[in-house]
Amino acid sequence: MRTEDDIRAAFRALAKQAPDDNDVLTAMREQLDKAIAGPPQGARRSMGRWMAPLAAAAAVIAVTASAVAIADGPSPHQPASGALLKRLPRYYMTLLYTGAVGQRIVVKDTRTGATIVTARPPAPFHTFAAIAGAADDRTFVLAARPVAGSVMRNSQNIEKLFRARLNPAKGTLTITPLPIPEFTPATLLYGMALSPDGNELAVELATGRYHYQLQIRIYSLAGKLLNSWESNGAPAILQPNPGNMSWAGTGVLAINWMHITRNARNTGTVWQSGVWLLNTHAAGGNLAGQSRLIVPGNALPGFYVVGDGVLSSNGETISAICYDPGQTVDRWKVEEFSAATGRPIRALWRVRLRVPKQVPERVGVPERRVPVPERVRIPYWLPGQAMMWSNASGSVLVLQANLISGPIANSHTAMGVLRGSHFRPIPGTLNTKLYYYDGLVF
Amino acid sequence: MTFEEFAQTRLPALLAFATVLTGQRATAEDITQEVLIRAHGRWDQIAPLDRPDLYVRKMVLNEFLSWRRRSWRTVPAANPVPAHDLTADHAAAYDEHAAMLAQIGKLPRRQRAVLALRYYEDRSDAEIAELLGCAPATVRAYASRALAALRIELRPDESEFATPVPGGI
């Protein structure tokens, strides 16, 4: 019968969306470990073999109940656990803040926070400006400038691309120039993404008289221009963020940008901002024509999609930060969207911040208002443009959040893992001089 | 079979079953995790059973039937969205599945459970009755009501497809 067949097909499709069993095992092991470890005193016993006495099982239930009560408010001092960190790439690279930004880059061990290597740009270059990483967490591409200064984009610089190869055993980073022409002030480099296999590089360039044109170019690391698209005369607005582009193993590139066109009657403009998907194997040409706006800025009712959407490496989901600036309460969400339809799937994390009334700074200068956590147990809030990395299925994310200390906002940036509505900082990233905003890659 | 062996071999199927029951990946994950933690604590009693997997599946079922929405913890999706490739051909299938799952989501939990056990797990009414702790006739009644509801709601508007009959009134 038709209905029964439809039920079977729908259930089969739904079953394919089942969570990753490793996620559940990892979370369960963490809870069991906590139960066995008990209060902080005493040595922590490993629960890796699962064989626990019945007395511990009773404690498990108690811990489960308490975990529910604080599910979205883990201790800010509780870093991501070893099991969770093993699900991330082992090494990450970021610009190092040493008075001036970008004079050095640093490669760190995700699991321990230990520095593997730091490096300066080869002479005569002075400053690293952007970085991109491949899925092997050993291959990176760096953009360097011959002059000092802010890493913010301006029209005074040329940028040269280098390939960096990490050898963690020796603690070395081999940096070699790429045979790709330098980018000049006429073609400002706004973002880069490496294909997961590390063989191709996507660059995002702002061109045109006022740099309001967007070009996407795909280069092989051998220097060959493989494909290119441009916004074709329509103004484009870009955000120079490290998560501005993400490249799935399916060959699909997610790009965060805003496309502006005249409306049909030529009486005004139509702004289309959000996450666009571009098949890197498609024919080059018109960017707006060849790509598809999959998660528009208003994709989540009541919210603005403010943070760069990151495409999972299997190409199936997009995770983005959404913001609802309320009169009394600001709401932030990390929302997962379907990369096929753009529809919201679920909220991965929610933060509500009460906006205090009668704060003079709010009048006329809303960006200076001081957020206060609605519940003290929520220790983090989300700035925009903070998505860093997604695992294959989108169930584990790395993002940047601000730690709130005490009842008055006193935020410090931390990079952490979002998994199952828990945000936990990666060791060594809290209150450090790493410069996440314009360059941090796995 | 140790608990670890059980978890490693049966967890994917349990998660799929929970996902079909709940229609939501996050809820399925929460339910399965809590059930497994409880099963772990009683494993010395569960392991000697003839069908420990069936017993744990029944725990998942009971957890689903008694699950209280924790709105602050899990935010329901607008629609369950099956994962699929980035091709237009899947759009139609997606819409059909989404429509069907949305209708199933409106059913009472026991009716949804009967549908999941009958059409996803391919279990007999007797097995379903055992899992739900009711009579087979009750299972058939649940199924009948659920199918009736789905047929009614899914039936296209016949007037929309009506063909003019020559010489008809």
Side-chain angles (χ1 to χ4, degrees), chain A residues 1-4 6-21 23-25 27-28 31-32 35 49-52 54 56-58 60-61 64 68 71-72 250 252 277 279 301 314-317 333 335-341 343-348 350 393 395 420-421, chain B residues 2-4 7-8 11-20 23-26 28-30 32-34 36-38 40-44 70 72-87 90-91 93-94 96-101 104 115-116 118-120 147 150-151 154:
Chain A
M1 293 179 63
R2 178 176 176 273
T3 298
E4 292 174 325
D6 284 350
I7 294 172
R8 287 191 176 92
F11 278 157
R12 281 197 297 271
L14 186 57
K16 290 179 183 172
Q17 207 200 341
D20 183 358
D21 55 321
D23 291 349
V24 176
L25 283 173
M28 202 164 53
Q31 288 203 9
L32 291 170
R49 289 178 297 280
W50 301 75
M51 299 302 291
L54 284 177
V60 167
I61 297 172
T64 305
V68 167
D72 55 359
T250 55
V252 172
L277 295 184
N279 185 342
N314 65 8
E316 293 184 349
T317 63
K333 275 187 186 180
E335 185 78 14
E336 183 181 70
F337 297 89
S338 163
T341 66
R343 299 187 196 189
I345 297 175
R346 59 172 174 158
L348 302 170
R350 297 186 302 164
S393 66
S395 62
S421 80
Chain B
T2 66
F3 180 78
E4 184 177 13
Q8 288 180 344
L11 186 52
L14 273 180
L15 284 166
F17 176 56
T19 304
V20 168
Q24 293 184 357
R25 191 164 65 178
E29 191 171 321
D30 288 345
T32 308
Q33 184 176 320
E34 295 204 14
L36 281 186
I37 286 174
R38 283 210 301 275
H40 169 261
R42 294 159 46 195
W43 191 246
D44 58 342
R70 296 156 185 172
W72 50 268
R73 186 182 181 198
T74 57
V75 179
N79 286 306
V81 180
H84 46 82
D85 297 332
L86 295 169
T87 58
H90 287 79
Y94 164 80
E96 289 171 13
H97 296 156
M100 172 64 79
L101 293 170
I104 292 173
L115 292 186
R118 181 186 268 192
Y119 296 112
Y120 176 70
L147 291 175
L150 293 175
R151 283 193 182 108
L154 289 173

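Order of the sequence lines fixes the chain letters, A, B, ..., with proteins taken first and strands second; residue numbering starts at 1 for each chain. Basis for what follows: all heavy atoms, side chains included, without hydrogens, waters or symmetry-related copies.
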key: Closest heavy-atom pair and its distance - V20(B), A15(A)   = CG2-CB, 3.8 Å
Y120(B) OH to R8(A) CZ distance, which is reported to the nearest 0.5 Å = 13.5 Å
remark   = Residues passing the side chain to side chain contact (heavy atoms under 4.5 Å, CB included) test with T32(B), sequence neighbours excluded, are L11(B), L14(B), L15(B), A18(B), L36(B)
query = If you look at every heavy atom in D6(A) and M100(B), which pair is closest and at what distance?
reply = CB-CE, 3.1 Å
message = As an exercise, state the distance from CD1 of I7(A) to CG of L150(B), rounded to the nearest 0.5 Å.
response = 5.0 Å
query = What's the shortest heavy-atom distance between A18(A) and T19(B), and which atoms?
reply = CA-OG1, 3.3 Å
ask   = Does A13(B) have any side chain to side chain contact (heavy atoms under 4.5 Å, CB included) partners at least two apart in sequence or in another chain, and if so, which?
value = R57(B)
ask   = Just wondering, do I104(B) and F11(A) contact through their side chains at under 4.5 Å, heavy atoms?
value = yes
